[in-house]
Amino acid sequence: MVLASTDNKQIALIDGNNFYVSCERVFNPQLWDKPVVVLSNNDGCAVARSNEVKALGIKMGEPWFKMRALAQQHGIIALSSNYALYGDMSQRMMRILSGFGNEQEIYSIDESFLDLSLHGRQATEIGIQIRQEIARQLALPVGVGIGASKTLAKLANHVAKKRPPYQGVCNFNDMTPAERNAIMASIDIGEVWGVGSRSAARLRNMGITHVLALAQADPRLLRRHFSVVMERIIHELRGIPCLELEEVTPPRQRIQASRSFSAPVYTLEILMEAVARFIRIASQRLRQQQGVAAALHLFIRTNPFREQDRQYAQGITIALPAASNDELLFTRLARLALPRIYRPGYAYYKAGVQLLAIEAAEKQQADLFSVAQTRQRSQALMHTLDQLRQRFGAGIIRSAAENPTPYWQSRANNRSPRYTSRWEELPVAHAG
DNA sequence: GCTAAATTCAGAC
DNA sequence: CTAACGGTCTGAATTTAGC
């Protein structure tokens, strides 16, 4: 295995430590030294954990009710998720990062790839500066991993966060092959980007237990046993990039809005209320990306975790006569389609909507044909809808099918204020 | 028996 | 008081449908 050490690309992966928890801590000093967990929608599962919580053995994705006893015992603070806050902090972080490299891929709400190749051997120093700058401006802790490929950058990021001597910055390009191999030999296969639990188990069965063994495995053989994805991972681990930085976020190919309910739903009417809401959410996002969808998918299901209940899950896909982004049209179609999958007598716990076969909305052009006129009216109506909602809030106008205060609405029993985006939610210091 | 479409799988966060 | 387990998205592989 040969790794050119001088002309390697310097691909960095920067990500926030315990990102949601860290965002909450920025605005609430009382959380600084306490075990804190942020829960998913409906206060269901742990989606972010402070180090103190990780130390207690609470796993990512663990359901809240299962950790209640432990939480009580150790004074864990459980917060509902506040995506408005995290999204805003994320934007600020990404903007700062963009100043440090000449190519950036925003990979997720708390992760960004950055090409630091222009800094050459100074890349590690830049990594240190990045940490300092994000801490100074946003008070967020981040880890920086650097390597010759995205997969190596990811792995280096893992080392940066897990091994204290690195102090949050690790650059594989700085190491000799022997040093790099020693580290790879000490990391479990499951830590590799793209190796999930299934593949990890199968790799272990083949005797491949640590990262070095995977890097040294035969790519063609593993392609046969797994897929082209595994073959690429091997090359990436060897420092041969197979994955490009994707600077422009491609438009979504499908848009989904779904929620599990806080209480069981039995009736068609209430399911329709939920579906109407999801259509509003999904179609707003569709219009935001200036897309139109040619198909609409609805689904409803019971709670698979309640094994004592009768189970039912069904979906239906409706092809539209022409691609559209008209949420009132979607809602009319859903009203026709939903009864076809609804069965009485079940305790429904989740419903959702997908917009499929999305394409770019064509340019509007004046046309005398009535079809075009109808479409134009719909476009104008949707535009007005979007404007109103932007100015006065999403609640200002909605389809009659939607219930503004549904009883199944997700639990969020401990949501923090939207500090960065709502003045009225800022806590006020009272005089006296 | 082929290709295209639909569905499932696996993974990420 | 009791029951309580996320949401979105993608690419590749696999299966099925249509010829």
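Reminder, nothing fancy here: chain letters follow the sequence lines and each chain counts from 1.
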Q: Describe the nucleic acid contact of W64(A) in one word from base, sugar-phosphate, nothing, applying a heavy-atom distance below 4.0 Å.
A: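 Contact class for W64(A): none.
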
Q: With heavy atoms under 4.0 Å as the rule, sort V192(A) into base, sugar-phosphate or nothing.
A: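 It contacts sugar-phosphate atoms only.
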
Could you state the [atom1]-[atom2] distance from [X] to [N], rounded to the nearest angstrom?
{"X": "L203(A)", "N": "dG11(B)", "atom1": "CG", "atom2": "C1'", "value": "14 Å"}
{"X": "M67(A)", "N": "dA3(C)", "atom1": "CE", "atom2": "C1'", "value": "15 Å"}
{"X": "L243(A)", "N": "dA12(B)", "atom1": "CG", "atom2": "P", "value": "13 Å"}
{"X": "I58(A)", "N": "dC5(C)", "atom1": "CD1", "atom2": "C1'", "value": "15 Å"}
{"X": "E105(A)", "N": "dA12(B)", "atom1": "CD", "atom2": "P", "value": "15 Å"}
{"X": "M230(A)", "N": "dC9(B)", "atom1": "CE", "atom2": "C1'", "value": "13 Å"}
{"X": "N157(A)", "N": "dA12(B)", "atom1": "CG", "atom2": "P", "value": "14 Å"}
{"X": "W193(A)", "N": "dA10(B)", "atom1": "CH2", "atom2": "C1'", "value": "15 Å"}

Q. Under a 3.5 Å cut-off for both distances, is dC1(C) Watson-Crick or wobble paired, and to whom?
A.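 Base partner found: none.
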
Measure the shortest side-chain to side-chain distance between [X] and [Y] over non-hydrogen atoms and say whether it is less than 4.5 angstrom.
{"X": "I76(A)", "Y": "M67(A)", "answer": "no"}
{"X": "P35(A)", "Y": "V53(A)", "answer": "yes"}
{"X": "I183(A)", "Y": "R180(A)", "answer": "no"}
{"X": "D110(A)", "Y": "Y86(A)", "answer": "no"}

Q.
What's the gap between dC5(C) and dA12(B) when it is taken at their P atoms, as a whole Å value?
A.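 Each nucleotide's P atom is 25 Å from the other's.
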
Q) Is the F27(A) ring parallel, tilted or perpendicular to the Y419(A) ring (thresholds 30°, 60°)? A)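 Plane angle under 30°, so parallel.
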
Q: Summarise protein proximity over nucleotides 6-19 of chain C in one line of letters, 5' to 3': B for base, S for sugar-phosphate only, - for none, counting protein heavy atoms closer than 4.0 Å.
A: SSSSBSSS------

**Q.** Close aromatic pair by centroid cut-off 6.0 Å: Y107(A) and W193(A)
**A.**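 Ring-ring flag for Y107(A)/W193(A): true, centres closer than 6.0 Å.
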
Q | Reported OH-to-OH distance for the pair Y83(A) and Y20(A), which is rounded to 0.5 angstrom | A |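 Those atoms lie 4.5 Å apart.
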
Q. Do the charged groups of K162(A) and E191(A) touch, with an N to O distance under 4.0 Å?
A.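 Salt bridge: no.
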
Q: Run the salt-bridge test on R204(A) and D188(A) with the 4.0 Å N-O cut-off and return the result as yes or no.
A: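 Here R204(A) pairs with D188(A) in a salt bridge, since their nearest N and O are under 4.0 Å apart.
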
(Q) What residues from residues 106-113 of chain A pass a heavy-atom cutoff of under 4.0 Å to DNA chain C? (A)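 Contacts with DNA chain C under 4.0 Å: none.
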
